[in-house]
Each structure stands twice: as structure tokens, then as C-alpha cells.
Amino acid sequence: ECDWLVFIFKPKSSPVRSWVIPFSVACEHGNRPTPKRKDPLTRYVSWTKLNRGPLALYENNWELARMALSPRLERAK
């Protein structure tokens, strides 16, 4: 395991976007694998989840801040 995950996207015609997310947060909010997947133990974080709370809070988080989730985001899990 690791402490942080970094996602960097360089679209052809848009600015670079990045997320620096604590590993535990990424695991908690990443997509859950299903038994039908070829590799059911692999988890991933989708583009949609990166752009919605709570993972959206970690965009450009190069200061490595661990965000406290608001009660609204906690209920959205």
C-alpha cells in the first residue's frame, strides 16, 4: 500500500488537471469490483468520481492536505 494516489490528466486541448488523494480515501470512494470482472480484486477511481465530492475536494491538492468530509458528503456515501 501507499500513502497517496496521484492522478494527472493532460487533455489535448485543455489544461492539465490533477488530484492528490490519500490512499485510504481513494479506496473508500473508488468503484467496487464485482465478481464478473476479469480481475475482481482490482479497484479503480472513475473520471466521474474524481469530479464529484468528496474526491473533487482533492483536485490540485499538492499541499497534501487531508480534507475533513462535511456531514453532507458523509451522507452521500
Side-chain angles (χ1 to χ4, degrees):
E1 290 195 18
C2 59
D3 294 326
W4 295 86
L5 289 179
V6 177
F7 300 92
I8 300 173
F9 296 93
K10 173 59 178 109
K12 286 183 180 180
S13 60
S14 301
V16 173
R17 293 182 67 191
S18 62
W19 288 259
V20 183
I21 304 171
F23 183 76
S24 60
V25 173
C27 285
E28 183 177 345
H29 296 285
N31 293 333
R32 306 235 188 271
T34 62
K36 293 182 180 183
R37 290 187 55 186
K38 289 181 183 178
D39 187 1
L41 300 178
T42 300
R43 296 181 65 166
Y44 63 96
V45 178
S46 68
W47 179 254
T48 301
K49 288 198 175 197
L50 285 173
N51 286 285
R52 293 184 185 157
L55 298 182
L57 296 172
Y58 292 95
E59 188 167 2
N60 294 320
N61 182 32
W62 294 104
E63 296 82 23
L64 303 179
R66 293 184 181 270
M67 315 295 178
L69 298 180
S70 71
R72 181 179 60 81
L73 292 175
E74 280 291 328
R75 285 192 301 272
K77 286 186 198 175

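Residue numbers run from 1 in the order of the sequence given.
Looking only at side-chain heavy atoms (C-beta outward), Pro54 and His29 come within less than 4.5 Å of each other. Leu55 has its side chain out of reach of Glu28: every pair of non-hydrogen atoms, C-beta onward, lies at least 4.5 Å apart.
For Ser14, the side chain to side chain contact (heavy atoms under 4.5 Å, CB included) partners are Pro11, not counting sequence neighbours. Applying the side chain to side chain contact (heavy atoms under 4.5 Å, CB included) rule to Ala56 yields no partners; only residues at least two apart in sequence or on another chain are considered. The ring pair (Phe, Tyr, Trp, His ring centres under 6.0 Å) check on Trp62 picks up nothing, with sequence neighbours excluded. Remark: Asn60 pairs with Ser18 by the side-chain hydrogen bond (donor to acceptor under 3.5 Å, both in side chains) rule, at least two apart or across chains. Listed by chain and number, the residues in a side chain to side chain contact (heavy atoms under 4.5 Å, CB included) with Arg52 are Thr48 (sequence neighbours excluded). Residues passing the ring pair (Phe, Tyr, Trp, His ring centres under 6.0 Å) test with Phe7: none are found, sequence neighbours excluded.
If you check the side chains of Arg66 and Asn61, you find no donor sitting under 3.5 Å from an acceptor.
Looking at Tyr58, its side chain never comes within 3.5 Å of a backbone N or O of Leu50 through a donor-acceptor pair.
The two residues Ala26 and Ile21 make their nearest non-hydrogen contact at N-CG2, 3.8 Å. Between Met67 and Leu57, the shortest heavy-atom contact is CE-O, 3.3 Å.
Between the CG atom in Asp3 and the OG atom in Ser24 there is a gap of 9.0 Å [rounded to 0.5 Å].
Phe9 is connected to Val45 through a chain of hydrophobic side-chain contacts under 4.5 Å among Ile, Leu, Val, Met, Phe, Trp and Tyr, so both are in one cluster. When hydrophobic clusters are built by joining Ile, Leu, Val, Met, Phe, Trp and Tyr residues whose side-chain heavy atoms come closer than 4.5 Å, directly or via intermediates, Val25 is not grouped with Leu64.
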Please evaluate residues Trp19 and Trp4 with respect to the criterion ring-ring contact (aromatic ring centres under 6.0 Å, His included), reporting the C-alpha separation (whole Å), side-chain torsions for both, the decisive distance (0.1 Å), and the verdict.
CA-CA 10 Å; Trp19 288 259; Trp4 295 86; over 10 Å; no
